[in-house]
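From a predicted model like this one, the values you see are computed outputs, not experimental measurements. Naming: A, B, ... by sequence-line order, numbering from 1 per chain.
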2 protein chains.
Amino acid sequence: MLINSLLGIFVTDKKERGKPSITLIDVAKHAGVSPMTVSRVLNNLSIVKSATKEKVLASVAALDYSPNQAARSLASGGTTQICLLYGNPSSAYLGELLVGALEAVGKHGLQLIVNRVPSDISIEELQKNLDSSWDGLIIPAPISDLEGIRRLVEEEGFPTVFLECGEVSGRAHDIGIDDYQASKDMTEYLISLGHRRIAFIQGPPNHRTSTMRLSGFHDGLADADVEVDKELIVEGAFTYRSGMQAGLNLLEASNPPTAIFAGNDDMAAGVLAAVSEKGLKVPKDVSVVGFDDSPIATTVWPHLTTIRQPLAEMTEYAVRLLSEVIKEPGKQMKKTHLLEYSLQMRDSACPPTKT
Amino acid sequence: MLINSLLGIFVTDKKERGKPSITLIDVAKHAGVSPMTVSRVLNNLSIVKSATKEKVLASVAALDYSPNQAARSLASGGTTQICLLYGNPSSAYLGELLVGALEAVGKHGLQLIVNRVPSDISIEELQKNLDSSWDGLIIPAPISDLEGIRRLVEEEGFPTVFLECGEVSGRAHDIGIDDYQASKDMTEYLISLGHRRIAFIQGPPNHRTSTMRLSGFHDGLADADVEVDKELIVEGAFTYRSGMQAGLNLLEASNPPTAIFAGNDDMAAGVLAAVSEKGLKVPKDVSVVGFDDSPIATTVWPHLTTIRQPLAEMTEYAVRLLSEVIKEPGKQMKKTHLLEYSLQMRDSACPPTKT
DNA sequence: CGTAATCATGGTAGCGTTACCAGATCGTGA
DNA sequence: TCACGATCTGGTAACGCTACCATGATTACG
């Protein structure tokens with residue numbers, strides 16, 4: 001059963017309290033056209049002559065007008081609702097996801113429904129709880145990794161945006177970063193620091209991000225003509241504990257790495273723990289880097305060098321996308337959208353100490 | 001400068017798409033009164049004869065009517081806006097705070113504005129960015145710890161709810177948990193496990209929560225007739241690193257503790273790192289507990305035994321409170337509101353090993 | 001040059017609610 | 001019994017916007 005909150009969201013402009021706000025009629029007068037024309041400019045944007053359109057747009061700008069979403073939704077009989085699924089209210093990501101979604105949803109005059117999905121939900125149960133009144137769906141990882149969820153949304157016919165899930169089919173979209181390239185960049189950074197024996201801790205191989213990050217690592221090494229040591233590529237589960245275990249194994253090897261690249265920050269933090277358990281220091285004895293820039297990256301000490309994902313931008317983009325798709329269902333659009341990531345250089349990586 | 005997003009929130013009921021929804025006029029007909037009376041019942045609740053009121057309420061229930069917030073806000077010319085300040089979009093807490101606030105804000109037909117406050121903001125700058133169109137303010141920790149912020153909101157006259165800040169004056173309110181009692185409970189739990197040498201890592205003494213938690217610890221020991229060893233009470237900064245350092249110091253002492261109670265989870269996680277650096281195991285060699293149940297508590301291994309704060313409930317309550325205060329400015333209300341906390345027993349604490 | 005088709009725009013009528021004022025009902029005292 | 005205030009209730013007109021249909025302006029073609 002889905003737990004939670006049905007919410008609607010509008011932006012209403014911060015007009016000075018009490019003072020009457022600028023309406024579409026004011027704009028119409030100022031531009032010398034009828035209110036209807038203004039309304040059309042603001043919505044259809046199509047059948048209005050471009051000269052008129054410009055005039056109106058100029059007036060809108062001059063008067064600093066912004067439409068009253070309440071009136072808009074009242075007149076057009078209902079608002080489009082977008083549902084964001086999430087797994088855990090205390091998830092580190094949720095805050096950023098919501099901030100982005102809220103902002104966009106306000107700007108576009110949509111409503112946001114935020115729904116909790118228990119991590120052990122079955123596809124059948126999820127299906128039962130999908131509400132046909134929703135106009136769109138945003139599904140972030142790790143829910144997007146649920147077996148069969150892509151088929152489900154396809155069958156139900158929901159315009160859907162997956163976050164960081166990779167492959168999408170049918171009418172669904174995906175928004176993420178270029179995990180492959182980001183991982184390659186990180187690998188190259190490590191190499192540029194002087195590391196040659198670099199270990200990689202992979203996430204669960206059924207997550208597309210895991211494999212993308214691994215191949216980025218692979219190719220990063222290959223491009224720099226650094227030999228890939230199979231011993232140094234191990235599998236984790238994207239959890240702290242698995243990272244710790246993997247780190248321990250890596251460090252106990254006969255020829256341990258000088259740097260460890262973990263497939264996400266939780267595992268990198270686990271590696272940090274493993275290193276200190278071995279009586280070693282990060283980054284002096286071994287460099288450790290992660291991926292995601294989750295809150296743990298700047299909590300642990302030393303702070304993790306990692307790849308930052310623009311989560312707020314992702315949901316913002318997702319909402320914008322859904323809004324367009326809902327307005328023009330037939331519209332042809334790119335299925336996969338890549339946003340900019342960035343390499344956060346912090347304190348957990350440095351050049352290897354000469355032996 | 002405040003960064004971010006102006007948002008409004010309404011609930012609109014999930015009426016079956018397309019089907020006309022039940023309006024206040026339907027209710028009026030059903031109850032045999034005029035629409036105005038229904039409206040009054042739903043708002044004023046005062047000058048309507050109680051017999052009529054009941055009739056209307058019955059019809060509302062019978063028809064499963066719920067008001068259209070868009071129409072409501074349009075007719076009454078504007079919606080009350082509540083602003084939630086936050087420090088960091090990737091803060092672990094933000095998600096939960098938002099979930100609670102969103103739910104309540106929707107239910108009460110208010111708008112939510114979510115505003116980022118850079119951590120290094122000065123009071124003057126914050127003041128400049130306060131928007132007079134806001135009707136209420138929610139200020140969670142750690143922003144609530146800003147020097148002079150309480151005086152500021154008092155002077156500006158904003159109805160304000162602080163989260164977890166403790167003492168409030170004037171028209172402000174505070175919502176939190178009983179830090180003292182929770183800390184005492186945790187201490188008693190540790191004692192019940194058999195621990196006698198228990199260390200406490202305090203947070204910065206200028207945070208009220210720090211001192212409350214410390215005195216809870218103190219009194220917990222005292223009530224059980226366990227002697228307080230001054231050596232075992234050290235100061236941290238609520239950060240991982242400070243917790244790690246404090247843990248190291250504690251463990252290097254001539255007579256180390258069998259359990260360490262950190263004033264928050266970040267510090268407890270730091271202690272975990274310190275313990276493993278000393279080649280010891282948690283909880284076998286030393287028990288470690290925290291406070292807050294932040295995401296890091298269930299990320300690290302072993303999972304931290306800690307005190308859970310109901311963050312979503314806090315913001316939900318805060319919104320409800322503000323809504324009432326705004327409607328009836330004169331209303332006398334409690335200043336401080338305590339919510340239920342809970343002791344999360346996980347894997348980082350166990351009975352001490354006999355020496 | 002006239003007529004029909006096309007395009008761009010305007011007018012009107014609501015959407016569901018509340019504000020405001022007028023009217024109805026009631027109880028009370030002369 | 002009637003007038004008079006107090007209490008309750010109803011009618012009407014917005015709120016700002018969009019749907020819908022009608023109209024005027026333009027072009028195309030015979």
Side-chain angles (χ1 to χ4, degrees), chain A residues 8 10-13 15 17-56 59-60 63-80 108-110 327, chain B residues 8 10-13 15 17-56 59-60 63-80 108-110 327:
Chain A
F10 298 140
V11 175
T12 308
D13 246 354
K15 52 193 164 200
R17 192 139 287 274
K19 268 145 211 157
S21 55
I22 306 142
T23 75
L24 159 156
I25 297 183
D26 299 321
V27 177
K29 275 186 201 146
H30 186 274
V33 296
S34 85
M36 261 324 293
T37 306
V38 178
S39 172
R40 266 188 285 256
V41 170
L42 265 30
N43 296 287
N44 286 319
L45 294 173
S46 43
I47 47 165
V48 184
K49 213 160 62 178
S50 62
T52 325
K53 193 196 295 191
E54 275 169 34
K55 241 189 338 189
V56 171
S59 298
V60 167
L63 296 177
D64 192 27
Y65 164 79
S66 72
N68 178 323
Q69 295 291 356
R72 193 176 253 190
S73 120
L74 180 57
S76 54
T79 316
T80 55
H108 295 265
L110 314 173
K327 262 191 207 143
Chain B
F10 298 138
V11 176
T12 307
D13 248 348
K15 51 192 163 200
R17 192 138 287 275
K19 265 145 212 155
S21 55
I22 306 141
T23 75
L24 158 155
I25 296 183
D26 299 322
V27 177
K29 273 185 202 144
H30 187 273
V33 296
S34 85
M36 261 324 294
T37 306
V38 178
S39 173
R40 265 189 285 257
V41 170
L42 264 32
N43 296 286
N44 286 320
L45 294 172
S46 43
I47 47 166
V48 184
K49 212 160 64 177
S50 63
T52 325
K53 195 195 299 192
E54 274 170 34
K55 241 188 339 187
V56 171
S59 298
V60 167
L63 297 177
D64 192 26
Y65 163 79
S66 71
N68 178 324
Q69 295 291 356
R72 194 175 253 191
S73 122
L74 179 59
S76 54
T79 317
T80 55
H108 295 266
L110 313 174
K327 262 191 208 141

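- Expressed to the nearest 0.5 Å, how far CG of N68(B) lies from CG of L24(B) amounts to 10.5 Å.
- Mapping T37(B) and I25(A) onto DNA chain D via the closest heavy atom, the residue that lands nearer the 5' end is T37(B).
- Taking atom NZ of residue K53(B) and atom P of nucleotide dT7(D), one finds them 15 Å apart after rounding to whole Å.
- Summarising the geometry, the separation between CG on L74(B) and P on dA19(C) is reported as 12 Å, rounded to the nearest angstrom.
- Of all the heavy atoms in A31(B) and V56(B), the pair that sits closest is CB-CA, 4.1 Å.
- Residues of residues 29-36 of chain B having a heavy atom closer than 4.0 Å to DNA chain D, listed by number: V33(B), S34(B), M36(B).
- The nucleotide whose nearest atom lies closest to any side-chain atom of V48(A) is, among dT17(C), dT9(C), dG16(D), dT9(C).
- Set against dT18(C), dT17(C), dC15(D), the side chain of S76(B) has dT18(C) as its closest nucleotide.
- Atoms CD1 and OG, on I25(A) and S34(A) in that order, are 10.0 Å from each other to the nearest 0.5 Å.
- Atom NZ in K55(B) sits roughly 14 Å away from atom P in dC8(D) (whole-Å rounding).
- With dC17(D), dT9(D), dC20(D) as the candidates, the nucleotide lying closest to the side chain of R40(B) is dT9(D).
- Using a 4.0 Å cut-off, some side-chain N or O of S39(B) falls inside it from OP1 or OP2 of dT18(C).
- In terms of heavy atoms, A70(A) sits closest to L74(B) at CB-N, 4.3 Å.
- Within the model, atoms OG1 of T37(B) and NZ of K53(B) stand 12.5 Å from one another, a figure rounded to the nearest 0.5 Å.
- Considering CG of L63(A) and CD1 of I22(A), their distance stands at 6.0 Å, rounded to 0.5 Å.
- Closest to the A75(B) side chain, of the nucleotides dC15(D), dT9(C), dT9(D), is dC15(D).
- Closest to the side chain of R72(B), from the set dC15(D), dT17(C), dT9(C), is dT17(C).
- If you measure from atom CD1 of I47(B) to atom P of dC20(C), you get 13 Å, rounded to the nearest angstrom.
- Annotation: the span from E54(B) atom CD to S59(B) atom OG amounts to 11.5 Å, rounded to 0.5 Å.
- One axis for each end of the helix from dC1(C)-dG30(D) to dA30(C)-dT1(D), each built from five base pairs, and the angle between them comes to 50° at 10° resolution.
- Atom NZ in K55(A) sits 11.5 Å away from atom OG in S50(A) (nearest 0.5 Å).
- The side chain of T52(B) places an N or O atom within less than 4.0 Å of a non-bridging phosphate oxygen (OP1 or OP2) of dT9(D).
- Across the protein-nucleic acid pair, K49(B) atom NZ and dA24(C) atom P stand 16 Å apart, rounded to whole Å.
- If you take CG of N68(B) and P of dG16(D), they are 16 Å apart, rounded to a whole angstrom.
- Q69(A) and H108(A) get closest at one heavy-atom pair: NE2-C, 4.4 Å.
- Residue N43(A) has a polar side-chain atom (N or O) positioned under 4.0 Å from OP1 or OP2 of dT18(D).
- Note: CD (Q69(A)) to P (dC17(D)) measures 10 Å, nearest angstrom.
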